[in-house]
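Report on the structure given below.
Only heavy atoms go into these numbers, but all of them, side chains included; no hydrogens, no water, no symmetry mates.
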Amino acid sequence: MTKKFIRMVRMLVFVLLCTIGAGSISCEIQAAQTAPLAFTKKITTLTAGKSYQMKVNRTSGVTWSVGNEKIATVDENGKVRAHRYGKTHVYAACEGKKIKILLQVKGKKVVGLDPGHQSRGDRSTEPNGPGSTTYKAKVAGGTRGTASGKPEYQLTLEIAQKLKKELWNRGYQVVMTRTQNDVNISNKERALLMNDSGVDFCIRIHADGATASARGATVLCPSSNNRYISHLSEESKKLSKALIDNYCNQTKLRNRGISYRDDLTGTNWSTVPTTLIELGFMTNATEDRFMASKEGQQKMVLGLANGVDAYCISK
């Protein structure tokens, strides 16, 4: 057998193999194009602010869409971007066929909001902290606006509801202790509700009352000597500072800083970093009018939301 003959045989074998391989690849491509439309790369949970590239078993002619663009959006190539906490379907359509997948968008953080007080106080008592022999009233009555006549419990709920919407638009999940005024939820119960809801931190919203000349905003948080939650003192301090600095920067109210308080039931029962903000003095006519106004509340909410952003970015 000559070398020339051997080379010819090898070439024929090579051509034959290439022909078989090309046919196989062609069959695979054809099979993929005729197979039912399906996701080949997908995700069902995504955190707000994050993106993910979805794919289907088609290389062209695919149209992507979502059910709710407030929750998430998708580009023409199937790249999904999560925006706000909630659920929405992601759709892929091709050649008259359409498939979908349910996407759960998680909040960047879970924020707890506790609008202070309620329409009626509750003077019955509860322990000031776990294992405490000191008992305090379950819910105090709160103060009232000197100029507006608005009760504290109404102001705190108005701010909490507007803050919830603003935080949702910024990608957070929000849990509230109450959404109406006619409730009876003790301070201990509010803290336990936050603990059980899986919040990352809690903001207790209140307003101050004192002399007519008293003015400004304050945050109250546990000290490092707190007998119940000393281990949360440092994080609570960071949260408090971020909140008060941004709030006062936005509202231009006097910054009265941080006050360390270890006698607050709603603080002592917490298992997450927590702070209580006194938004301003309702007994000061000027501050009361500001807090009751639409423009004032808009600034208050933006300041609080900026504080949440600042705290979360620092972590």
Side-chain angles (χ1 to χ4, degrees), residues 113-125 128 136-163 176-178 180-187 190 202-223 236 239-241 243-268 274-307:
L113 299 181
D114 176 24
H117 305 286
Q118 55 200 28
S119 57
R120 290 179 298 278
D122 185 348
R123 301 306 298 175
S124 60
T125 60
N128 188 220
K136 296 179 64 177
K138 290 184 175 180
V139 189
T143 188
R144 181 177 292 270
T146 299
S148 68
K150 180 175 292 187
E152 182 181 354
Y153 65 78
Q154 183 178 334
L155 173 67
T156 60
L157 183 57
E158 288 174 357
I159 296 300
Q161 289 175 324
K162 292 179 179 179
L163 179 56
M176 292 177 57
T177 56
R178 67 181 180 94
Q180 54 186 355
N181 293 316
D182 189 16
V183 297
N184 190 15
I185 312 173
S186 76
N187 289 317
R190 292 166 189 248
C202 179
I203 300 172
R204 305 177 63 202
I205 302 173
H206 287 252
D208 242 332
T211 63
S213 60
R215 64 186 181 89
T218 313
V219 279
L220 316 179
C221 78
S223 76
S236 296
L239 171 61
S240 299
K241 182 168 175 51
L243 206 65
I244 193 67
D245 287 351
N246 282 275
Y247 177 77
C248 290
N249 182 60
Q250 187 70 41
T251 61
K252 307 307 178 186
L253 294 174
R254 176 188 175 190
N255 188 338
R256 297 169 65 93
I258 299 174
S259 175
Y260 295 98
R261 293 281 297 274
D262 296 329
D263 62 332
L264 304 176
T265 305
T267 296
N268 293 340
T274 184
T275 188
L276 185 156
I277 183 164
E278 299 281 10
L279 299 168
F281 282 86
M282 299 188 79
T283 47
N284 179 305
T286 300
E287 290 193 354
D288 177 40
R289 292 190 188 96
F290 173 79
M291 292 188 290
S293 70
K294 180 179 178 181
E295 296 78 8
Q297 290 193 0
Q298 182 178 19
K299 292 179 180 179
M300 293 162 74
V301 167
L302 288 177
L304 292 171
N306 290 344

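Using modelled atom types and a 3.5 Å distance limit, the side chains of Thr275 and Arg204 yield no donor-acceptor pair. Counting only N and O atoms by type, the side chains of Glu152 and His117 include a donor and acceptor under 3.5 Å apart. Side-chain atoms of Thr146 and Asp288 form no donor-acceptor pair, as typed in the model, at a separation below 3.5 Å. A donor-acceptor pair shorter than 3.5 Å cannot be found between the side chains of Asp263 and Asn128.
Checked against Leu155 for a side-chain contact (heavy atoms from CB on, under 4.5 Å), the options Met291, His206, Arg144 give a single hit: Met291.
Atom OG1 of Thr265 and atom CG of Asn187 lie 5.5 Å apart (nearest 0.5 Å). With rounding to the nearest 0.5 angstrom, the CG atom of Leu253 is 9.5 Å from the CG atom of Asn284. The line from CG of Leu243 to OG of Ser236 is 12.0 Å long, rounded to the nearest 0.5 Å. Note: Thr251 OG1 to Glu295 CD = 14.5 Å, rounded to the nearest 0.5 Å. Going from atom CG of Leu113 over to atom CD1 of Ile203 covers 6.0 Å, rounded to the nearest 0.5 Å. Within the model, atoms NZ of Lys241 and CG of Asn246 stand 9.5 Å from one another, a figure rounded to the nearest 0.5 Å.
Here the side chain of Tyr247 pairs no donor or acceptor atom with the backbone of Met300 at under 3.5 angstrom. The closest donor-acceptor contact from the side chain of Asn268 to the backbone of Asp262 lies under 3.5 Å. With hydrogens and angles ignored, the 3.5 Å screen pairs no side-chain donor or acceptor of Glu278 with any backbone N or O of Gly280. In terms of modelled atom types and a separation under 3.5 Å, the side chain of Gln118 and the main chain of Ile185 share a donor-acceptor contact. Judged purely by atom type and a 3.5 angstrom limit, Asp114 has no side-chain atom pairing as donor or acceptor with the backbone of Gly116.
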Query raised in the report: Hey, mind stepping through Leu220 and Thr218 against side-chain contact (heavy atoms from CB on, under 4.5 Å) and telling me if it holds?
Result: CA-CA 7 Å; Leu220 316 179; Thr218 313; 4.0 Å; yes
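Of all the heavy atoms in Cys248 and Asn255, the pair that sits closest is SG-CA, 3.5 Å. What you find for Lys138 and Ser186 is that their closest heavy atoms are CB-CB, 3.6 Å. Between Ala217 and Leu279, the closest heavy-atom pair is CB-O, 3.7 Å. In terms of heavy atoms, Ala210 sits closest to Phe281 at CB-CE2, 3.6 Å. When all heavy atoms of Val301 and Ile159 are compared, the pair lying nearest together is CG2-O, 4.1 Å. For the pair Thr267 and Pro222, the tightest heavy-atom approach, listed with the atom from each and the gap, is CG2-CD, 3.8 Å.
Between Leu157 and Gln161, some side-chain heavy-atom pair lies under the 4.5 Å cut-off. Residues Thr283 and Asp208 are not in side-chain contact: their nearest non-hydrogen atoms beyond the backbone lie 4.5 Å or more apart. For the pair Val219/Ser259, no side-chain contact is recorded, criterion being any heavy-atom separation below 4.5 Å from C-beta on. Counting heavy atoms from C-beta outward, Lys299 and Phe290 have side chains that approach closer than 4.5 Å. Residues Thr274 and Cys221 fail the side-chain proximity criterion, which asks for heavy atoms closer than 4.5 Å.
For NZ of Lys150, the number of neighbouring non-hydrogen atoms (other residues, nucleotides, ligands) closer than 6.0 Å is greater than 12. The number of heavy atoms from other shown groups lying within 6.0 Å of CZ (Arg256) is above 12.
Applying the side chain to side chain donor-acceptor pair (under 3.5 Å) criterion to Arg178, with sequence neighbours excluded, gives Thr156, Asn181.
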